[in-house]
Number of protein chains: 2
Amino acid sequence: MTKPLYLQISGQLRQSVISGEYRPGDMLPSENELAALYKTSRMTVRKSLGVLESEGLVRPWHGKGYFVLQPKYTMFTMYFGDSVTDGRFRFQEVNIIRPTKNVADMLQLKKHQMTIVTRRILERDGRPAAFDEKFIPYERGMPSIEFELHFTEFPGMFEERFAPMSLHTDMTIGVEAAPVHVCKALGLKTATHLLVISRLIRADSDEPEANPAGIPVGYGKQYLTEAFGKLSAKSGYYLQEKL
Amino acid sequence: MTKPLYLQISGQLRQSVISGEYRPGDMLPSENELAALYKTSRMTVRKSLGVLESEGLVRPWHGKGYFVLQPKYTMFTMYFGDSVTDGRFRFQEVNIIRPTKNVADMLQLKKHQMTIVTRRILERDGRPAAFDEKFIPYERGMPSIEFELHFTEFPGMFEERFAPMSLHTDMTIGVEAAPVHVCKALGLKTATHLLVISRLIRADSDEPEANPAGIPVGYGKQYLTEAFGKLSAKSGYYLQEKL
DNA sequence: AAGTGGTCTAGACCACTTC
DNA sequence: AAGTGGTCTAGACCACTTT
């Protein structure tokens with residue numbers, strides 16, 4: 001039940017760094033010094049220092065020593081997904097349509113290629129809180145049953161067709177005047193300005209030279225009203241730890 | 001110049017996971033099997049697997065084996081800081097003022113405690129693109145020279161007074177009707193809806209029991225116009241790698 | 001030359017899971 | 001009991017930095 005030695009060491013060093021005893025730019029004691037201090041082997045000390053390194057607190061410099069890093073104040077972590085604990089989605093439309101220019105550009109569609117669209121309304125306490133639309137390229141012969149069944153959460157729905165680890169998402173956040181069909185669905189005045197989240201999902205291709213950014217497989221927009229609440233993000237070294 | 005063995009092993013395993021040869025939930029070969037396969041010691045194989053683990057690709061399960069994880073589709077990373085490469089800030093005001101209720105709440109100010117405020121306008125091509133205001137608690141006897149000199153970037157300005165590693169930021173993103181002084185400064189119609197980023201900076205206190213969330217040391221709001229552009233965030237396993 | 005971290009070995013013993 | 005990962009040792013040799 002006692003904590004392993006390497007965690008005790010990393011814990012003490014971490015405390016020294018967080019408390020400011022060692023400040024950014026300072027050098028920690030060397031591996032050999034720590035090994036002597038804690039009466040243990042160098043490999044155990046290295047394991048301790050590896051913990052702090054993976055947390056982003058220190059970085060080793062070959063031939064010199066371990067140095068305390070500047071915290072990455074400008075890196076934020078935020079969580080955003082399709083599923084919500086508060087409220088429920090109501091399907092408004094599942095269809096095959098001619099894409100708008102924006103959608104065609106984002107998905108790099110061929111000329112005259114259609115897209116499958118789903119539109120949903122998020123309701124909270126019976127009142128609309130957000131509007132959600134997703135587009136995926138339509139390939140000839142796609143059975144409509146398939147996408148009706150599988151059109152659930154965004155990156156997850158591509159897991160069968162693409163290697164899960166190859167999927168990644170680019171998100172942009174901004175304010176836009178909501179288009180007519182969104183305002184109607186949400187019961188808002190036309191051109192109400194809403195918080196809009198756009199997501200482009202890509203799958204890394206097998207030939208990264210030809211397509212370094214990956215192949216677009218899905219595009220989605222979410223229009224959030226004030227009832228949805230705000231987005232939140234966090235910054236600070238300790239975020240890594242808790243994953 | 002040849003890559004260390006442990007990186008060769010982790011590279012091959014990573015490729016197998018990304019390509020989908022091993023899918024989420026699958027078990028990797030055991031440490032002993034890999035050690036035999038690559039004709040090396042178990043510790044070297046462990047180092048390889050540690051690389052994949054730190055990348056969030058696999059997780060070891062004591063007594064069972066290493067398993068491929070589901071990618072964390074809902075975790076996004078975004079960058080946001082005070083400094084901008086495009087455009088420049090123009091100071092509008094540095095002052096000691098009575099805080100609004102919102103600011104007093106966020107900073108947990110004592111009754112009648114004042115705050116120092118700075119207000120800046122971000123200009124691009126000579127046109128206002130964003131409005132920035134920051135509040136920090138005013139302590140009696142604070143020399144005004146100090147905060148005028150040091151009022152630069154947000155978490156960084158607290159590094160002298162607090163342990164750098166103890167600083168962390170909570171950010172919220174939403175749409176608000178900009179208040180009068182902001183609209184005036186930006187040359188907008190009153191109550192224009194803007195993208196608003198609020199940041200609360202806290203320092204971890206020495207008694208985490210008394211103040212688990214940390215002590216508020218600064219609060220800031222940024223009002224972004226369309227000229228500022230949108231915020232962007234990314235999701236995908238490979239993000240970790242590149243830090 | 002001396003000190004630092006980087007890689008690697010060939011063991012050991014322990015704790016957890018499965019059969 | 002056998003297989004798995006978790007911790008730890010006491011070395012070795014190498015590459016990099018400083019003196």
Side-chain angles (χ1 to χ4, degrees), chain A residues 1-14 16-17 21-70 240-243, chain B residues 1-14 16-17 21-70 240-243:
Chain A
M1 194 53 243
T2 71
K3 262 212 279 192
L5 179 56
Y6 81 94
L7 283 182
Q8 296 178 38
I9 298 173
S10 62
Q12 290 188 27
L13 290 173
R14 184 189 301 109
S16 302
V17 172
E21 184 183 332
Y22 297 107
R23 296 180 67 86
D26 289 355
M27 198 179 92
L28 260 47
S30 76
E31 295 178 351
N32 284 320
E33 284 168 349
L34 288 169
L37 181 61
Y38 288 98
K39 300 195 199 336
T40 182
S41 73
R42 213 186 120 208
M43 287 307 262
T44 297
V45 167
R46 278 181 68 75
K47 174 117 185 163
S48 310
L49 291 163
V51 172
L52 302 187
E53 189 188 350
S54 74
E55 290 173 6
L57 279 180
V58 301
R59 183 143 68 186
W61 194 336
H62 197 162
K64 299 176 100 170
Y66 285 80
F67 292 84
V68 178
L69 293 176
Q70 284 286 341
Q240 308 278 12
E241 248 180 318
K242 303 184 178 168
L243 299 182
Chain B
M1 193 54 240
T2 71
K3 262 213 279 192
L5 179 56
Y6 80 94
L7 284 181
Q8 296 178 39
I9 298 173
S10 61
Q12 289 188 27
L13 290 172
R14 183 189 301 110
S16 302
V17 173
E21 184 182 333
Y22 297 107
R23 295 179 66 86
D26 288 355
M27 199 179 90
L28 260 46
S30 75
E31 294 178 351
N32 285 319
E33 284 169 349
L34 289 169
L37 181 61
Y38 288 98
K39 300 192 198 337
T40 182
S41 72
R42 213 187 120 207
M43 286 307 261
T44 298
V45 167
R46 278 181 68 75
K47 174 118 186 163
S48 310
L49 291 163
V51 172
L52 302 188
E53 188 187 351
S54 73
E55 290 173 6
L57 279 179
V58 303
R59 183 144 68 186
W61 194 336
H62 197 163
K64 298 178 99 172
Y66 284 80
F67 293 84
V68 177
L69 293 176
Q70 284 286 341
Q240 308 278 13
E241 249 181 317
K242 303 184 179 169
L243 299 182

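Reminder, nothing fancy here: chain letters follow the sequence lines and each chain counts from 1. Any value given below was found using the heavy atoms of this structure, including those in side chains, with hydrogens, waters and symmetry copies removed.
For the pair B/Gln8 CD and C/dT7 P, the interatomic distance rounds to 12 Å; values are reported in whole Å. Spacing between atom CG of A/Leu7 and atom P of D/dT7 amounts to 7 Å, rounded to whole angstrom units. A straight line from CG of A/Leu34 to C1' of D/dC8 spans 16 Å, rounded to a whole angstrom. For B/Phe67 and C/dT17, the CZ to P distance is 11 Å, given to the nearest whole Å.
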Original post:
Under a cut-off of 3.5 Å for both distances of each Watson-Crick or G-U pair, what dot-bracket string does DNA chain D give, using [ ] for crossing pairs and | for inter-strand pairs?
Top reply: ||||||||||||||||||.
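Taking the side chain to side chain contact (heavy atoms under 4.5 Å, CB included) definition, one finds that B/Met43 meets it with B/Ser41, B/Arg46, sequence neighbours left out. With sequence neighbours left out, B/Leu49 forms a side chain to side chain contact (heavy atoms under 4.5 Å, CB included) with B/Leu13, B/Leu28, B/Glu31, B/Leu34, B/Val45, B/Tyr66. The side chain to side chain contact (heavy atoms under 4.5 Å, CB included) check on A/Gln12 picks up A/Tyr38, with sequence neighbours excluded. With sequence neighbours left out, B/Leu7 forms a side chain to side chain contact (heavy atoms under 4.5 Å, CB included) with B/Lys3, B/Pro4, B/Ser10.
Counting distance only, with no hydrogens placed and no angle test, the side-chain atoms of B/Arg42 and the base atoms of D/dG6 include a donor-acceptor pair under 3.5 Å.
DNA chain C lies under 4.0 Å from no heavy atom of any residue of residues 22-33 of chain B. Only B/Met43, B/Arg46, listed by number, bring a heavy atom of residues 43-52 of chain B to less than 4.0 angstrom from any atom of DNA chain D.
Here the closest heavy-atom approach between residue A/Arg59 and residue A/Leu69 is recorded as CB-CD2, 3.8 Å. Closest heavy-atom contact between B/Gln70 and B/Pro24: NE2-CB, 3.6 Å. Annotation for B/Leu57 and B/Arg14: closest pair CD1-CG, 3.6 Å, computed over non-hydrogen atoms. Here the closest non-hydrogen pair linking B/Tyr22 and B/Pro29 is OH-CD, 3.5 Å.
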Subject >> Worked verdict on B/Lys47 versus B/Leu5 for side-chain contact (heavy atoms from CB on, under 4.5 Å) >> reply: CA-CA 10 Å; B/Lys47 174 118 186 163; B/Leu5 179 56; over 6 Å; no
Hey, what are the protein-to-nucleotides 16-19 of chain D N/O distances that come in under 3.5 Å?
from   : atom 1 : to      : atom 2 : distance (Å)
D/dT18 : OP1    : A/Lys64 : NZ     : 3.2

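Closest to the side chain of A/Thr40, out of C/dG5, D/dG5, D/dC8, is D/dC8. Nearest to the side chain of B/Tyr6, among C/dT7, D/dG6, C/dG6, sits C/dT7.
Between A/Arg23 and A/Val68 the shortest side-chain heavy-atom distance does not fall below 4.5 Å.
In this structure, B/Tyr38 does not reach the C/dT9 phosphate: none of its side-chain N or O atoms is under 4.0 Å from OP1 or OP2.
Summarising the geometry, atom NE2 belonging to A/His62 is positioned 12.5 Å from atom NZ belonging to A/Lys64; distances are rounded to the nearest 0.5 Å.
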